[in-house]
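Below is one structure, written out as structure tokens; the observations come after it.
Only heavy atoms go into these numbers, but all of them, side chains included; no hydrogens, no water, no symmetry mates.
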Amino acid sequence: MKTKIGIGIIGLGTVGSGVAEILLRNGDIIKRRLGIPLEIVRAVTKDTGRPLPEGLNPAAVGTDAMQVIENPDVDIVVEVMGGIEPAKSYILRSIENGKHVVTANKALLSLTGDDLFRAASQRGVDLYFEASVCGGIPIIKALREGLSANRIESMYGIVNGTSNFIMTKMTQEGKEFKDVLKEAQELGYAEADPTFDVEGIDASHKLSILVNIAFGTPVNLKDVYTEGISGIQPLDIRYAEELKYRVKLLAISKMKDGSLEARVHPTLVPCSHLMSTVDGVFNAVYVTGDAVGHTLFYGRGAGSLPTGSAVVGDIIDIARNIQSGSCGRIPPASFKEEHRIALNILSIDDIVSMYYFRFTVIDMPGVLSKIAGILGDHKISVASVIQKGRKEGGEVSLVMLTHEAVERNVKSALQEIDSLSFIAAKTVMIRVEEGK
Ligand code: NAP
Ligand code: HSE
């Protein structure tokens, strides 16, 4: 019978400090839940000169990750240093040493998670990664356990806190993109390289993890269509509002005729949909299962304590497994390895969606009918049109919403339209989802 569980932490940055703070601050209540204490045996970071989380014994802090990985008193290794290497080698070595692992590293999991899952299963240790998607929201646990009776039909996620924070501040406070990004970095929300956040890469990492466990299929990142928020202009946020939509960076996955859609892009979401009200650093995932129907998971998607909460939740789960001798009970990827099926992921050209277009045109008779004619030729039906401004012979915006159309047709139509003499700038296209 173990009398305590030893924890080793690699990385004491935003997340690592949150983990240490929660373990120390809530040690008493965690002990009441587990019956035995969790003890931080060793924590390592690159720069030990920075202030340590309150209560963390400086003697337990070092710089060499091997002091965690090779430490006989460490039962659970927490990898919160980020990056691909040496994080991957550290995790594999920890698994080889029979240690359980908790990681928040979505970049690593999306690239090579299946190798890590296999290594953990073969060694009979747990590999948990709740914090890798949506910070403090227990969405991995929900998909792996709470919803495991269901065939998942679709998932719509706001899964990047930084992008949502930026879009919210731009929409509600009219702030500049670069100023809000700086604020998100200062608050510890952004990745080490913030292009991961604003170009949709972090969201596609998270979507690939969710798809993997929700549908039991390996996902190659290159098959996830990815477009970020860096090209969104305040004008389109305003026009969307007038049309009663909000612009959100959505991670979308849907099952369609045996194939999967997996895509990340800015999306117009109706103001009447719950997802449109998810603001700031908050994340949400709207999951539909064939038995349960619609479900919504909501909470803080980034930051020290919310993310630390997910990591410590995983540590507690593993500690319970250690106590009851049931490690490895839940397959890391949710499905039994031998029963995972490689599903086809649809090319973005084959998806069917509704669209928002903003044409910049020279205001003159016949423009609208010419555009509508080309759209019609490509089987695109217009749902509504508004002309913003009136300036005979000058530039105006023509804003359109379409009914459902095939993306390939949309691209061909826009290419043809953008070559017309009265088109003054490249047409803006944003996909629209009703989120049903
Ligand atoms: P961070 O603030 O940059 O912290 C990383 C820490 O790891 C730093 O203290 C760094 O030391 C240390 N480190 C780097 N290489 C190391 C090594 N070889 N040995 C020991 N320590 C090392 O990053 P973070 O925001 O906490 O993110 C950590 C991980 O969590 C990433 O995978 C990230 O994607 C993920 N995540 C972050 C959030 C969030 O809200 N921030 C949420 C969910 C998941 P130095 O500072 O001295 O370089
Ligand atoms: N950079 C990430 C975000 C951290 O903004 O969502 C949480 O995964």
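At a threshold of 4.5 Å between non-hydrogen side-chain atoms, the residues Ile91 and Leu108 count as touching. Looking only at side-chain heavy atoms (C-beta outward), Arg340 and Asn212 come within less than 4.5 Å of each other. Between Val367 and Ile371, the closest side-chain pair of non-hydrogen atoms falls below 4.5 Å. You'll find the side chain of Thr171 reaches within 4.5 Å of the side chain of Glu241, heavy atoms only. The shortest distance between side-chain heavy atoms of His100 and Val125 falls below 4.5 Å. The shortest side-chain heavy-atom distance between Ile229 and Ile166 falls under the 4.5 Å cut-off. Counting only heavy atoms from C-beta outward, the side chains of Ile9 and Val68 never approach each other to under 4.5 Å. A heavy-atom distance below 4.5 Å is found between the side chains of His205 and Phe196.
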Check the pair Tyr128, Asp317 against side-chain hydrogen bond (donor to acceptor under 3.5 Å, both in side chains), reporting the backbone distance first and the verdict last. CA-CA 9 Å; Tyr128 278 38; Asp317 259 356; 4.8 Å; no

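At a threshold of 4.0 Å, the pair Glu153-Lys254 does not count as salt-bridged, since none of the basic side-chain nitrogens sits closer than that to a carboxylate oxygen.
Remark: aromatic rings of His273 and Tyr156 are distant, center separation not under 6.0 Å. Taking the centre of each ring, Phe335 and Phe117 stay at or above the 6.0 Å mark.
A distance of 13.5 Å separates CG of Leu268 from OH of Tyr239, quoted to the nearest 0.5 Å.
A donor-acceptor distance shorter than 3.5 angstrom exists from the side chain of Thr217 to the backbone of Leu343, with no hydrogens or angles considered. Without hydrogens or angle criteria, Glu130 side chain to Ile140 main chain gives a donor-acceptor distance under 3.5 Å. A donor-acceptor distance shorter than 3.5 angstrom exists from the side chain of Thr226 to the backbone of Val224, with no hydrogens or angles considered. The closest donor-acceptor contact from the side chain of Asn97 to the backbone of Ile69 lies under 3.5 Å.
Surrounding CD of Glu434 are more than 12 heavy atoms belonging to other residues, nucleotides or ligands, all under 6.0 Å away.
Glu199 and Ser230 share a donor-acceptor pair across their side chains, judged by distance under 3.5 Å alone. The closest side-chain donor-acceptor pair between Glu407 and Tyr355 falls under 3.5 angstrom.
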